[in-house]
Asker: 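I have a structure I would like to understand better, so I am pasting it below and will then ask my questions one at a time.
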Amino acid sequence: MPSQDTRTLLQSAVPTAAVGAIVAVVSGVVAGGKGAIGAVVGTLVVIVFMGLGLYVLQRTAKSLPHLFQAMGLMLYVAQLLLLLVLVGLFKDTDLFNPKAFALALIIATVVWMVGQARAHMKAKILYVEPDSDNSDKPEKSGSSQ
């Protein structure tokens with residue numbers, strides 16, 4: 001993964017993990033051990049889903065740049081739908097507290113997206129490729145001589 005992609009991943013995953021730990025502690029206090037387990041599982045699911053999505057999006061940007069925006073929209077919709085399906089699948093589980101799981105999913109998803117948006121806003125990514133062939137030629141000003 002190039003350094004910019006790694007920075008984006010770290011600037012999204014680290015705050016998500018930190019907030020997930022806080023949610024796990026609060027869930028543990030409120031709902032006991034099963035609440036803490038539910039919050040940890042929810043946070044890990046978000047980090048894995050969103051991290052894989054970022055990886056797929058970066059690969060798409062490099063290989064098929066004309067599909068980048070459409071792929072990004074499709075990817076986020078698919079991720080959110082999959083997270084919704086997971087909440088539905090685990091709503092009656094006895095392995096952990098489903099409310100803590102759902103709350104951690106929501107909070108971790110919002111924190112991930114805020115972190116990713118912040119990382120992209122702070123990134124210094126060229127949107128125009130500099131032309132290295134013309135760098136030695138002086139610029140012409142005004143006249144066509």
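Quick caveat: nothing in here was measured; it's all calculated off a predicted structure.
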Asker: Minimum heavy-atom separation for Ala24 to Ala39, with atom names?
Answerer: CA-CB, 3.5 Å

Asker: Give the cluster check for Leu82 versus Val46: same hydrophobic cluster or not, with ILVMFWY residues linked at side-chain heavy-atom distances below 4.5 Å.
Answerer: yes

Asker: Under the side-chain hydrogen bond (donor to acceptor under 3.5 Å, both in side chains) definition, can you give me all pairs with a residue in residues 96-114, not counting sequence neighbours?
Answerer: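 As it turns out, the side-chain hydrogen bond (donor to acceptor under 3.5 Å, both in side chains) pairs with a partner in residues 96-114, which skip direct neighbours, are Trp112-Gln116.
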
Asker: Does some side-chain heavy atom of Leu44 sit less than 4.5 Å from a side-chain heavy atom of Val40?
Answerer: yes

Asker: Does one hydrophobic cluster hold both Val110 and Leu103, with members joined at side-chain heavy-atom distances below 4.5 Å?
Answerer: no

Asker: Just verifying a value: how many Å separate Ser63 OG and Gln58 CD, rounded to the nearest 0.5 Å?
Answerer: 11.0 Å

Asker: Determine, step by step, whether Val77 and Leu73 satisfy the side-chain contact (heavy atoms from CB on, under 4.5 Å) criterion, reporting the C-alpha distance in whole Å, the side-chain angles of both residues, the deciding distance to 0.1 Å, and the verdict.
Answerer: CA-CA 6 Å; Val77 169; Leu73 290 171; 5.6 Å; no

Asker: Do the side chains of Leu86 and Met50 join up, straight or via other hydrophobic residues, at under 4.5 Å, putting them in one cluster?
Answerer: yes

Asker: Tell me whether Leu75 shares a hydrophobic cluster with Leu52, the cluster being built from Ile, Leu, Val, Met, Phe, Trp, Tyr side chains joined at under 4.5 Å.
Answerer: no

Asker: Restricting to side chain to side chain donor-acceptor pair (under 3.5 Å), what partner residues turn up for Gln79, sequence neighbours left out?
Answerer: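 So Gln79 forms no side chain to side chain donor-acceptor pair (under 3.5 Å) with any residue.
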
Asker: Using a 4.5 Å cut-off on heavy atoms from C-beta on, say whether the side chain of Ile37 contacts that of Val41.
Answerer: yes

Asker: Taking all atoms of both residues into account, what is the closest heavy-atom pair of Ile47 and Thr16, and its distance?
Answerer: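 Closest heavy-atom pair between Ile47 and Thr16: CG1-CG2, 3.8 Å.
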
Asker: By side chain to side chain donor-acceptor pair (under 3.5 Å), which residues pair with Arg59, not counting sequence neighbours?
Answerer: Tyr55

Asker: Quick one: pull up OG1 in Thr8 and NZ in Lys122 and give me the separation to the nearest 0.5 Å.
Answerer: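 That separation rounds to 12.5 Å.
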
Asker: Under the 4.5 Å side-chain heavy-atom rule for ILVMFWY, direct or indirect, which residues accompany Val14?
Answerer: Leu10

Asker: Under the rule for ring-ring contact (aromatic ring centres under 6.0 Å, His included), what residues qualify as partners of Phe90, not counting sequence neighbours?
Answerer: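 If we apply the ring-ring contact (aromatic ring centres under 6.0 Å, His included) test to Phe90, skipping adjacent residues, the hits are Phe96, Phe101.
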
Asker: Identify the two heavy atoms, one from Thr43 and one from Ala104, that lie closest to each other, and give their separation to 0.1 Å.
Answerer: OG1-CB, 4.0 Å

Asker: So if you build clusters from Ile, Leu, Val, Met, Phe, Trp, Tyr with side-chain heavy-atom gaps below 4.5 Å, do Leu54 and Phe49 land together?
Answerer: yes

Asker: So which pairs with a foot in residues 25-34 pass side-chain hydrogen bond (donor to acceptor under 3.5 Å, both in side chains), sequence neighbours left out?
Answerer: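 Those involving residues 25-34 do not exist here.
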
